[in-house]
Amino acid sequence: MNKEELLNELSSKISSGEISREEIADLFGSRPEQSSANETKGNSHFSITKILYILGAAIVLIGIVAFVSQIWHNVGSLGRISVTLGMGLITTAIGSVLLKQKPGEYIGPIFHFIGGMLIPGGSMVTLYELDVDFSSIWPIAITFGVILLFYLLLNRVHKHPLLTFFSIANGTAFVYLLVEAITKNSYIDRENLYAYLTMVIGGSYIFLAYSFSKNWNKYLVGILCLVGSFAFLSSAFSRVLDASSRRGIGFHPWEILFFFFVFGGMFLSVKMKSGWILGVSTLFLIAHVSYITSEYFADSLGWPISLVILGFVFIGLGYGSVTINKKYIKGSA
Amino acid sequence: MKEFFKKNLTLILAFALPVGLIITVTIISYSPPATTEYDFVYSYCTEGINNYPYYCEGYLGKIYSVENDKLSINPVNPKQDSDYNGVPDIQQYTPHIFIHDTKNNESREISLEEARSLKLSGFLTSPDGVTITSGYYDRGIFPFYNGSSYDFYIIKDKKRSKLNLFNQNNLYRENFNFIGWVLSNQK
């Protein structure tokens, strides 16, 4: 490996997060002494570049969608597949080439982003143009399974968080579609099924976030924690609300269980040092306390006193959440 | 191997959870469907002068019933107009009788004489505990919806099987009438 290849490889590893500048400096016994002004200038340069890249990508996508809708009725099947799936595959290929040639830069991921947004829609267009019967969900599920495999393979080659993101997104769609295809003619209650499935997906996201926290996917930890905790707790809360209509005397098990979920979420937020999980858990705890108050105490205590108690509970929970964040999450990070 | 599992435990769990749920759901969904030993007889409207046989169910329910284990034809008021469109039902609707073979899941039209020769049970539930249900079911999942369909099922306990009735795509609650379970030719 010559000097240029070595530097390019190092730059790529730093950009993807596999290794940090401090670790390299530690290797040689010194830390980089950069003036804060230069670093700030460098960071703002990156921010402006990033913004321009993202803006450009968004405008390209809007332009593609507008262009395709304009010419839709004037082109045949091949034309429609070309401008959707074809363009998606081409931009993905360009992104892969750029990732290899310019590993530390954002230009490759931007093309991958455009491709990732076009490929699923393009695949649906392809299925439609091939006269696939949409009364069965199996073709769509299998298509998303293929897209998932595609991104997993691509990710294995490039090891980039954006490709991991598309793998997770397409994988999630695949799981939902597969469950729908399997249960189409069964008598399983749909509402419960999708609530439990969303809880499982939320749990998976949290596990992924924990697993990614120390590798090149660490940039996805925040969003996985946010979406995962929200998915889990919102689905569980939907079971609480559903149970309220069938409640007999006394508390329903879901109403008790949900307290364990939210306090578990708060504990997990400390363990994973995630402000997102803490915030979502606190919000759902507030929602649950409000629900319990309205179900069990509003009629006996009256709404005015219930509201006063609820208000103090909100203040207490908010204060507690901020304290946990300061002391255990940001404090020990 | 042990080292691999220890190092990647959370990653393995992240995949294991949805896979486990899919396996569970598959086992439940593909467990033996609802079956019955008994065929059943039903009536269905085609249009007379009405292109869409709306409110036909009421008319069919009045004509056909089961009395003393036999199909009974009841007189209908010739002026009866269920949909209040000024045209009597007797002119609007043309009823047909079908027998559904539940083993092969297929229907065939039968004559009134053949229907009258059968021994029927007028209960909604068959002697082996099966009933017929129907309803609108979305085709697809958000955002991949492809309309909805009105389907009929036999259900028993938590199991169900979709019925393949005559002219399934044009069969609705309004132009379908269950008459009775066939007792005389049980398998």
Side-chain angles (χ1 to χ4, degrees), chain A residues 120-121 123-124 127-128 132-141 143-144 152 164 167-168 171-190 192-194 196-215 217 224 228 232 272, chain B residues 4-35 105 130-164 168-169:
Chain A
S123 304
M124 293 304 105
L127 288 181
Y128 178 78
V132 168
D133 180 18
F134 278 98
S135 62
S136 167
I137 206 84
W138 276 108
I140 303 173
T143 302
F144 271 90
L152 284 174
T164 308
S167 302
I168 293 170
T172 305
F174 170 65
V175 167
Y176 275 98
L177 289 165
L178 185 64
V179 166
E180 171 64 20
I182 290 169
T183 61
K184 188 167 161 51
N185 290 322
S186 79
Y187 213 112
I188 298 175
D189 179 82
R190 278 298 192 272
N192 273 321
L193 173 66
Y194 284 108
Y196 291 129
L197 178 58
T198 307
M199 286 173 70
V200 162
I201 295 290
S204 286
Y205 278 21
I206 301 294
F207 279 122
L208 283 173
Y210 189 83
S211 159
F212 290 165
S213 55
K214 289 181 177 57
N215 70 16
N217 282 316
L224 284 171
F232 186 89
M272 289 180 63
Chain B
F4 173 80
F5 273 109
K6 208 173 167 184
K7 201 177 162 196
N8 298 294
L9 182 63
T10 45
L11 193 62
I12 290 166
L13 281 170
F15 285 97
L17 283 178
V19 166
L21 184 85
I22 288 168
I23 290 170
T24 307
V25 153
T26 306
I27 290 168
I28 294 170
S29 297
Y30 288 100
S31 56
T35 55
N105 198 15
V130 165
T131 52
I132 292 174
T133 186
S134 64
Y136 280 101
Y137 298 92
D138 284 327
R139 279 189 248 131
I141 182 177
F142 176 82
F144 306 105
Y145 286 123
N146 185 29
S148 57
S149 57
Y150 196 82
D151 297 323
F152 290 81
Y153 294 83
I154 51 169
I155 59 167
K156 186 178 179 182
D157 302 322
K158 290 281 185 189
K159 300 176 189 174
R160 70 178 187 182
S161 297
K162 192 173 168 187
L163 288 170
N164 183 28
Q168 181 69 51
N169 290 335

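Note that the structure is predicted; figures quoted are calculated from it, not measured.
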Residues forming a ring-ring contact (aromatic ring centres under 6.0 Å, His included) with A:Y205, sequence neighbours excluded
none

Check this for me: A:Y210, atom OH, are more than 12 non-hydrogen atoms of other residues, nucleotides or ligands nearer than 6.0 Å?
no

Chain B heavy atoms under 4.5 Å from A:L197: which part of the residue, side chain, backbone, both or neither?
both

Go through the atoms of A:L208 and report whether side chain, backbone, both or neither lie under 4.5 Å from a heavy atom of chain B.
both

Give, as side chain, backbone, both or neither, the part of B:I12 having an atom under 4.5 angstrom from any heavy atom of chain A.
neither

Between B:L21 and chain A, which part of the residue has a heavy atom less than 4.5 Å away: side chain, backbone, both or neither?
side chain

For B:T26, does its backbone N or O pair with a side-chain atom of B:S29 as donor and acceptor, under 3.5 Å?
no

Take B:L17 and A:F207 through the side chain to side chain contact (heavy atoms under 4.5 Å, CB included) test and state the conclusion after the steps.
CA-CA 10 Å; B:L17 283 178; A:F207 279 122; 3.6 Å; yes

Mind ranking B:V19, B:I28, B:L9, B:V25 by heavy-atom pairs under 4.5 Å with chain A and telling me who comes out on top?
B:V25

So which residue, A:S204, A:G171, A:A181, A:G203, ends up with the most heavy-atom pairs under 4.5 Å with chain B?
A:S204

Any donor and acceptor pair, going by atom type alone, linking the side chain of B:N105 with main-chain N or O of B:K162 inside 3.5 Å?
yes

